[in-house]
Novice: 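Sharing a structure below in structure tokens format, with a few things to ask.
Bear in mind the structure is a predicted one, so any value in this text is a computation, not a measurement.
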Amino acid sequence: MRPFLVALLLISISGCSAKHRRAIWIDGTKDVTYAKAACEVAAAARPCVETPETIAFNVERDFRSAFLQNPTCRGVSFTDESDISKWAIDFNPTIENGEVNYAQTEWRVVNAGSDGIVSGNLKDLSSATTSICTVVKGQGGVGD
């Protein structure tokens with residue numbers, strides 16, 4: 001009986017900590033929607049070189065790469081479960097000459113528990129990830 005109670009306690013503790021971890025949910029659906037809109041706007045000058053899905057994937061990939069290299073982001077993770085994370089991030093790409101212009105591509109982090117929104121651009125991915133992780137850790141921070 002005692003091992004059962006210990007196991008039950010460990011399961012309940014891990015379940016509680018999972019709901020309160022510092023995790024970011026990347027809103028991939030919104031990213032694709034923004035990329036589609038950006039490609040429609042850019043089409044008059046020059047069509048997108050890649051599909052909106054590929055654009056969204058590449059922006060997310062580049063962000064994740066910078067995030068994983070940034071020491072400020074230690075203790076913050078990604079989650080695929082929007083209901084567990086109180087933080088959601090999305091990317092709104094700007095297209096120039098058919099390709100993503102990172103200097104004008106915007107990121108936005110929304111705190112689901114409040115009206116808090118922090119935003120900036122991806123001109124410098126290291127600075128962007130520092131700002132985002134600082135906010136998620138509850139240490140303040142502003143967008144770039």
Novice: Any pair with a residue in residues 26-35 that passes side chain to side chain donor-acceptor pair (under 3.5 Å), sequence neighbours left out, goes on the list, sorted by first then second residue, please.
Specialist: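 Counting only pairs at least two positions apart or across chains, no side chain to side chain donor-acceptor pair (under 3.5 Å) contact touches residues 26-35.
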Novice: Quick one: does any side-chain atom of T105 pair with a main-chain N or O of T94 as donor and acceptor, under 3.5 Å?
Specialist: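 It does hold such a pair.
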Novice: Could you pull out all donor-acceptor pairs under 3.5 Å where a side-chain atom in residues 42-60 meets a protein atom, sequence neighbours excluded?
Specialist:
residue	atom	partner	partner atom	Å
R46	NH1	N97	O	3.0
E50	OE1	N58	ND2	3.4
E50	OE2	N58	ND2	3.3
T51	OG1	T54	N	3.1
T51	OG1	T54	OG1	2.9
N58	OD1	R61	NH1	3.1
N58	ND2	T54	O	3.4

Novice: Taking atom types as modelled, is there a side-chain donor on D62 or Y102 under 3.5 Å from an acceptor on the other?
Specialist: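 Yes, Y102 and D62 have a side-chain donor paired with an acceptor closer than 3.5 Å.
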Novice: Can you name the residues that form a ring pair (Phe, Tyr, Trp, His ring centres under 6.0 Å) with F91, not counting sequence neighbours?
Specialist: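 Checked F91 against ring pair (Phe, Tyr, Trp, His ring centres under 6.0 Å); matches are F63.
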Novice: Between Q104 and N121, does the side-chain contact (heavy atoms from CB on, under 4.5 Å) criterion hold? Intermediate values first, please.
Specialist: CA-CA 6 Å; Q104 294 183 17; N121 63 53; over 6 Å; no
Novice: With side chains defined as the heavy atoms from C-beta onward, is the minimum distance between I95 and V41 less than 4.5 Å?
Specialist: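 Answer no - side chains too far apart.
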Novice: Work out which heavy atom in S127 is nearest to a heavy atom in D124; give both atom names and the distance.
Specialist: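 Of all heavy-atom pairs spanning S127 and D124, the closest is OG-OD2, 2.9 Å.
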Novice: What pairs meet the salt bridge (charged side-chain N to carboxylate O under 4.0 Å, His left out) rule with one or both residues in residues 96-113, with sequence neighbours excluded?
Specialist: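 Listed by first then second residue: D90-R108.
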Novice: For Q69 versus P71, what's the shortest heavy-atom pair and its separation?
Specialist: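 For Q69 and P71, the tightest heavy-atom pair comes out as O-CD, 3.4 Å.
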Novice: When you group the ILVMFWY residues by side-chain heavy-atom contacts below 4.5 Å and let the links chain together, are I24 and L125 in the same group?
Specialist: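 Per the 4.5 Å side-chain linkage, L125 and I24 are co-clustered.
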Novice: Say you draw a straight line from SG of C133 to CZ of R22; how long is it, rounded to the nearest 0.5 Å?
Specialist: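 Output value for this atom pair is 10.5 Å.
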Novice: Could I get the full list of side chain to side chain donor-acceptor pair (under 3.5 Å) partners for T130, not counting sequence neighbours?
Specialist: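 Checked T130 against side chain to side chain donor-acceptor pair (under 3.5 Å); matches are N70.
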Novice: Minimum heavy-atom separation for A23 and W87, please, with both atom names.
Specialist: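 Where A23 meets W87 most closely, the heavy atoms are O-CB, 3.6 Å.
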Novice: I want to check something: taking the side chain as every heavy atom from C-beta on, are W25 and I89 in contact at a cut-off of under 4.5 Å?
Specialist: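 They are not in side-chain contact.
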